[in-house]
Amino acid sequence: MKYLIVGIGNKGEEYAETRHNIGFKVAEKIAEKIEAPFKSSNFGLLAEGKYKGRKVFILKPDTYVNLSGNAVKFWMQKENIPLENVLIIADDLALPFGSLRMKMKGSHGGHNGLRNIEAVLNNNQYTRLRFGIAAEFKEGQQVDYVLGQWNETEKEILQERIEKFSQAALSFVFAGVQNTMTAFNGK
């Protein structure tokens, strides 16, 4: 069985430590756990490894957040990975900081990366793992907030949350979406 885990983020050093790049950070932790180094490939950086006998592809698209769909579609087709074995990791303004929510389907919730994936795949029936970044900004400041760096309070618990999210992603691969949602949602 093959799985595709996609961490959404923006390429480039100026975005590396921003809230919008939490998908990349979680993807990096997953790759580290399964000892799969990232290599430059089509549509981004790809790590390829195994977890409990299952083939796992971890992708950090280089298409920028808002155009993530083409990268997802390319790797699904290239590796013949069914939609139910795809996990998209993204930030979420609607959740409190550090909150974990996995869903099997649903709307893009205003997230432009998820919106693009949905448009390119013509489907919203994919599993997404949402990392709460809260919505602590003034009206008109959303872009600056999501492209801003973590504050000191957030930085103190960020690594622990990234670890928890990587565990949830690997649980998705081995235990399935329902068991993972039961074990991890809200934790």
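Since the structure is predicted, the reported quantities are computational estimates derived from the model, not experimental observations. Note that the numbering runs from 1 along the sequence shown for the chain.
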Check: residues 180-187 side-chain donor-acceptor pairs under 3.5 Å, at least two apart:
unit_1	atom_1	unit_2	atom_2	d
Thr180	OG1	Ser171	O	3.2
Thr180	OG1	Ser171	OG	2.7
Thr180	OG1	Phe172	N	3.1
Thr180	OG1	Gly176	O	2.7
Thr182	OG1	Gln178	O	3.1
Asn185	OD1	Met102	N	2.6
Asn185	ND2	Met102	O	3.1

Cluster link [X] to [Y], ILVMFWY, side chain under 4.5 Å:
X: Met104; Y: Val6; value: no
X: Ile117; Y: Tyr64; value: no
X: Ile30; Y: Ile162; value: yes
X: Phe174; Y: Leu4; value: no
X: Val177; Y: Ile81; value: no

*Begin with the C-alpha distance, continue with both residues' side-chain angles, and end with the deciding distance and a verdict on side-chain contact (heavy atoms from CB on, under 4.5 Å) for Arg19 and Phe131.*
CA-CA 10 Å; Arg19 291 178 181 90; Phe131 190 110; over 6 Å; no

*Start with the C-alpha distance between Leu158 and Ile22, add both sets of side-chain angles, then the distance that settles side-chain contact (heavy atoms from CB on, under 4.5 Å), and finish with yes or no.*
CA-CA 10 Å; Leu158 192 58; Ile22 193 61; 4.0 Å; yes

Looking at [X] and [Y], would you say the former's side chain and the latter's main chain have a donor-acceptor pair under 3.5 Å?
X: Lys2; Y: Glu79; value: yes
X: Asn21; Y: Gly9; value: no
X: Asn116; Y: Ser68; value: yes

List the atom of [X], the atom of [Y], and the distance in Å for their closest heavy-atom pair.
X: Ile58; Y: Val56; result: CG1-CG1, 3.9 Å
X: Ala47; Y: Phe38; result: N-CD2, 3.6 Å
X: Tyr145; Y: Glu154; result: OH-OE2, 4.0 Å
X: Ser41; Y: Leu46; result: CB-CB, 4.1 Å
X: Ala168; Y: Leu100; result: CB-CD1, 3.9 Å
X: Thr18; Y: Tyr15; result: OG1-O, 2.8 Å

*asked:* Under a 3.5 Å threshold, yes or no: a donor from one side chain and an acceptor from the other, between Glu163 and Gln167?
replied: yes

For a 4.5 angstrom cut-off between non-hydrogen side-chain atoms, does [X] reach [Y]?
X: Glu17; Y: Lys25; answer: yes
X: Lys73; Y: Asn70; answer: no
X: Leu121; Y: Val72; answer: yes
X: Ile34; Y: Leu170; answer: yes
X: Tyr3; Y: Lys55; answer: no
X: Ile5; Y: Val173; answer: yes

*asked:* Give me each pair satisfying ring pair (Phe, Tyr, Trp, His ring centres under 6.0 Å) with a member in residues 65-114, each pair once, sequence neighbours excluded.
replied: His20-His111, Phe43-Phe74, Phe97-Trp150

*salt bridge (Lys or Arg N to Asp or Glu O under 4.0 Å) against Arg130, all qualifying residues, sequence neighbours excluded*: Asp92

*Flag this pair as yes if the NZ/CZ of Arg161 is under 6.0 angstrom from the six-membered ring centre of Phe165 and inside a 45 degree cone about the axis; otherwise no.*
no

*Write out all pairs satisfying salt bridge (Lys or Arg N to Asp or Glu O under 4.0 Å) with one or both partners inside residues 97-115, taking only residues at least two apart or from two chains.*
none

*Tell me, which pairs form a salt bridge (Lys or Arg N to Asp or Glu O under 4.0 Å) where one or both residues lie in residues 137-151, sequence neighbours left out?*
none

*Which value, rounded to the nearest 0.5 Å, describes the distance between Glu118 atom CD and Arg128 atom CZ?*
7.0 Å

_Let me confirm one number: the CD-CD distance from Glu32 to Glu28, rounded to the nearest 0.5 Å._
9.0 Å

*Test Ile8 against Leu114 for side-chain contact (heavy atoms from CB on, under 4.5 Å), laying out the working first.*
CA-CA 9 Å; Ile8 295 181; Leu114 298 180; 4.1 Å; yes

*More than 12 heavy atoms of other groups within 6.0 Å of Glu35 CD*: no

*Residue pair Leu93, Ile133: steps toward the side-chain contact (heavy atoms from CB on, under 4.5 Å) verdict*: CA-CA 5 Å; Leu93 286 166; Ile133 62 169; 3.7 Å; yes

*If you link ILVMFWY side chains whenever their heavy atoms are less than 4.5 Å apart, which other residues fall into the same cluster as Leu95? By chain and number, please.*
none

